[in-house]
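Taking it in order: structure first as C-alpha cells, then the write-up.
Computed from a prediction, not measured in an experiment: that's the story for all the values here.
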Amino acid sequence: MAEPIRVVVTGAAGQIAYSLLYSIAKGDVFGKDQPIILILLDIPPMLPVLDGVVMELQDCALPLLREVIPTDKVEVGFKDIDAAILVGSMPRKEGMERKDLLKANVAIFKTQGAALDKYAKKTVKVLVVGNPANTNCLIASKSAPSIPKENFSCLTRLDHNRACSQVAMRCGVSADSVKNVIIWGNHSSTQYPDVHHTKVNIHGTEVAAYDAIKNDAWLRGDFISTVQLRGAAVIKARKLSSAMSAAKAICDHMRDIWFGTKEGEFISMGVYAGGNSYGIPEDLIYSFPIQIKNKTWKIVDGLPINDFSRAKMDATAAELVEERDTALDFLSQ
C-alpha cells in the first residue's frame, strides 16, 4: 500500500465540500489504492459543523481514509500537504460591489498563499475554486513565491462539463461522446465556451460539433449564454449555488492532474498564461485548452482562432486584466 497523501480542503463545512469529501475519501480522485489523510480547514465559527462532517466521514468506514483533521489554523491545514483544494472564499452578498468582493478575497488568498509557501510541500498542487477563482488563484500564487506558478490552477472544469453536456443533449448522445470543448478566460459570465475544435462521436464516427449540430445561430447564441449564465440559473432554481456539479468538476480536474488527460484530448483549466501562443496577457490565470502528462500541464498550442472567437477571448482577458489590477492594488496596501 502506498504512503498516505495529505489533502486539505478549505471551506470544508460548506455545501460544495459536503459533496466533495466523500468522493476524495473513497478514491475517486487520487486512485483506488491511495490512502488519504484529509485536513478540513474552515473559519472558527464553523468548527462545530466540521465536527459533524468528521463524524460522517468516520461513519462511512472508508478503507482509504486514514485520518481526518478538522482545524481553523493554516499552519495545521497546510502542513506538508500534497494537494490543496481551496473552496472557501468570501461570497458576494447583496449590494456588494465587485471590488469589495475582490478586496475581501485578496486578504483570504494572500494569507493562504503565504501559508502554502511556509508549510506545504514545494510539489503541492493547488486548485482554487472559491470565486473570483482566476484572480484568487493569481493572488495565492503571488503570495507563495517558492512554489512554482505551474502548480496553481483554478476551476473552469464545471463550465467545461456544462458545455459538453449541452452539446451532448443537443446531439442526443452521452456526455462522454463529446470531446475537446474549450472554456477560454475567466470563470465569470464573460467566459467563452468554444466548440470550434470539438468532436462529437455519433454512431462510432467523430464529427465536428458544428457539423453535428447544424445550427450555427444556436452555437453562437443560446449555447454560449446558457453555459455562461448556468451558475445563476442553478441559484435561481435551487436557491443555493451549484454544489454537486462543482464537486464533480473538482474531482475531474484533480484526477486529470494526478493521472493525465487521454491521448488526443484536452480539457479546460485556468492556468498561468505565461508563454501562451494566443496573445493573452501573460501575468494572468486564464482558462485554456490543456493536456496533462506526469502531473505537468501544457497549453494546447496552434489551434486556429477565427474572428468571432478572437473577440470573445479578448473580452474575457480584458475583464481579467481589470480584476488583476484592482486585486494587486489591494495586495500592495
Discussion item. Which residues pass the salt bridge (charged side-chain N to carboxylate O under 4.0 Å, His left out) test with K32, not counting sequence neighbours?
Written reply: D28

Discussion item. Testing I81, V7, N151 one by one against K125 for a side-chain contact (heavy atoms from CB on, under 4.5 Å), which residue passes?
Written reply: N151

Practice prompt. Only counting residues at least two apart or in another chain, list the ones meeting side chain to side chain donor-acceptor pair (under 3.5 Å) with Q58.
Written response: none

Worksheet entry | CE on M269 to CZ on F152, rounded to 0.5 Å | 12.5 Å

Discussion item. Assigning hydrophobic clusters by single linkage (Ile, Leu, Val, Met, Phe, Trp, Tyr; side-chain heavy-atom cutoff under 4.5 Å), is V106 placed with L284?
Written reply: no

Can you give me every donor-acceptor pair (side chain of residues 321-332, partner residue at least two apart or in another chain, under 3.5 Å) with its distance?
from	atom 1	to	atom 2	distance (Å)
E323	OE1	T135	OG1	2.5
E323	OE2	R98	NE	3.2
E323	OE2	R98	NH2	2.3
E323	OE2	N186	ND2	3.2
R324	NH1	D283	O	3.2
T326	OG1	E322	O	2.9
S332	OG	L328	O	3.3
S332	OG	D329	O	2.9

Worksheet item: Passes side chain to side chain contact (heavy atoms under 4.5 Å, CB included), S19 versus Q15? Steps please.
Response: CA-CA 7 Å; S19 290; Q15 55 150 1; over 6 Å; no

Item to complete: Sorted by first residue and then second, give each side-chain hydrogen bond (donor to acceptor under 3.5 Å, both in side chains) pair with at least one member in residues 67-87; sequence neighbours left out.
Response: D82-K121

Worksheet entry | Pairwise side-chain hydrogen bond (donor to acceptor under 3.5 Å, both in side chains) hits with a residue in residues 169-181, at least two apart | S174-D176, S174-S177, K179-E206

Worksheet item: In terms of heavy-atom contacts, does CD of Q333 have more than 12 from other residues, nucleotides or ligands at under 6.0 Å?
Response: yes

Worksheet item: So how far is it from Y22 OH to L57 CG, rounded to the nearest 0.5 Å?
Response: 10.5 Å

Worksheet item: Quick one: do L219 and I305 end up in the same hydrophobic cluster if we chain Ile, Leu, Val, Met, Phe, Trp and Tyr together by side-chain heavy atoms under 4.5 Å apart?
Response: yes

Worksheet item: If you round to the nearest 0.5 Å, how far is CD1 of I85 from NE2 of H253?
Response: 9.0 Å

Fill in: For K110, salt bridge (charged side-chain N to carboxylate O under 4.0 Å, His left out) partners two or more places apart
none

Worksheet entry | Donor on one side chain, acceptor on other, Q191 and T156, under 3.5 Å | no

Worksheet item: Do S189 and L229 come close enough that some side-chain heavy atom pair is under 4.5 Å?
Response: yes

Worksheet item: Tell me, which pairs form a salt bridge (Lys or Arg N to Asp or Glu O under 4.0 Å) where one or both residues lie in residues 243-252, sequence neighbours left out?
Response: K248-D252, D252-R255

Worksheet item: Who are the side chain to side chain contact (heavy atoms under 4.5 Å, CB included) partners of D194, not counting sequence neighbours?
Response: I182, W184, Y192, H196, H197, S309

Item to complete: Could you walk me through whether E319 and T190 pass the side chain to side chain donor-acceptor pair (under 3.5 Å) test, one step at a time?
Response: CA-CA 8 Å; E319 181 183 58; T190 68; 2.7 Å; yes

Discussion item. Please check if the number of heavy atoms outside K99 that lie under 6.0 Å from its NZ is greater than 12.
Written reply: no

Worksheet item: Are I37 and L65 linked, directly or through other ILVMFWY residues, by side chains that come within less than 4.5 angstrom of each other?
Response: no

Fill in: All side chain to side chain contact (heavy atoms under 4.5 Å, CB included) counterparts of I43, not counting sequence neighbours
P45, M46

Practice prompt. Give a yes or no on whether I36 and V76 share a hydrophobic cluster (residues Ile, Leu, Val, Met, Phe, Trp, Tyr; joining criterion: side-chain heavy atoms under 4.5 Å apart).
Written response: no

Item to complete: Flag yes if more than 12 heavy atoms outside D307 fall under 6.0 Å of its CG atom; otherwise flag no.
Response: no

Worksheet item: Is any NZ, NE, NH1 or NH2 atom of the basic residue among R157 and D256 found under 4.0 Å from an Asp or Glu carboxylate oxygen of the other?
Response: yes

Fill in: salt bridge (charged side-chain N to carboxylate O under 4.0 Å, His left out) partners of R238, counting only residues at least two apart
none

Item to complete: Verify the neighbour count for atom OH of Y210: are there more than 12 heavy atoms of other residues, nucleotides or ligands below 6.0 Å?
Response: yes

Fill in: Nearest-0.5 Å distance, OH of residue Y272 to OG of residue S141
8.0 Å

Response to the item:
For R310, the salt bridge (charged side-chain N to carboxylate O under 4.0 Å, His left out) test, sequence neighbours excluded, returns D314

Item to complete: Test L240 against I235 for side chain to side chain contact (heavy atoms under 4.5 Å, CB included), laying out the working first.
Response: CA-CA 5 Å; L240 291 164; I235 290 173; over 6 Å; no

Practice prompt. Evaluate whether atom CE of M169 has more than 12 neighbouring non-hydrogen atoms of other residues, nucleotides or ligands under 6.0 angstrom away.
Written response: yes

Worksheet item: Mind checking what makes side chain to side chain donor-acceptor pair (under 3.5 Å) contact with N201, not counting sequence neighbours?
Response: none

Worksheet item: In Å, rounded to the nearest 0.5 Å, how long is the span from CD1 of I285 to NZ of K142?
Response: 9.0 Å

Worksheet entry | Linked, directly or transitively: L38 and V8 (ILVMFWY side chains, under 4.5 Å) | no

Discussion item. Working to the nearest 0.5 angstrom, can you tell me the gap between I183 CD1 and S287 OG?
Written reply: 6.5 Å

Worksheet item: Got I290 and T261 here, is their nearest side-chain heavy-atom distance under 4.5 Å?
Response: no

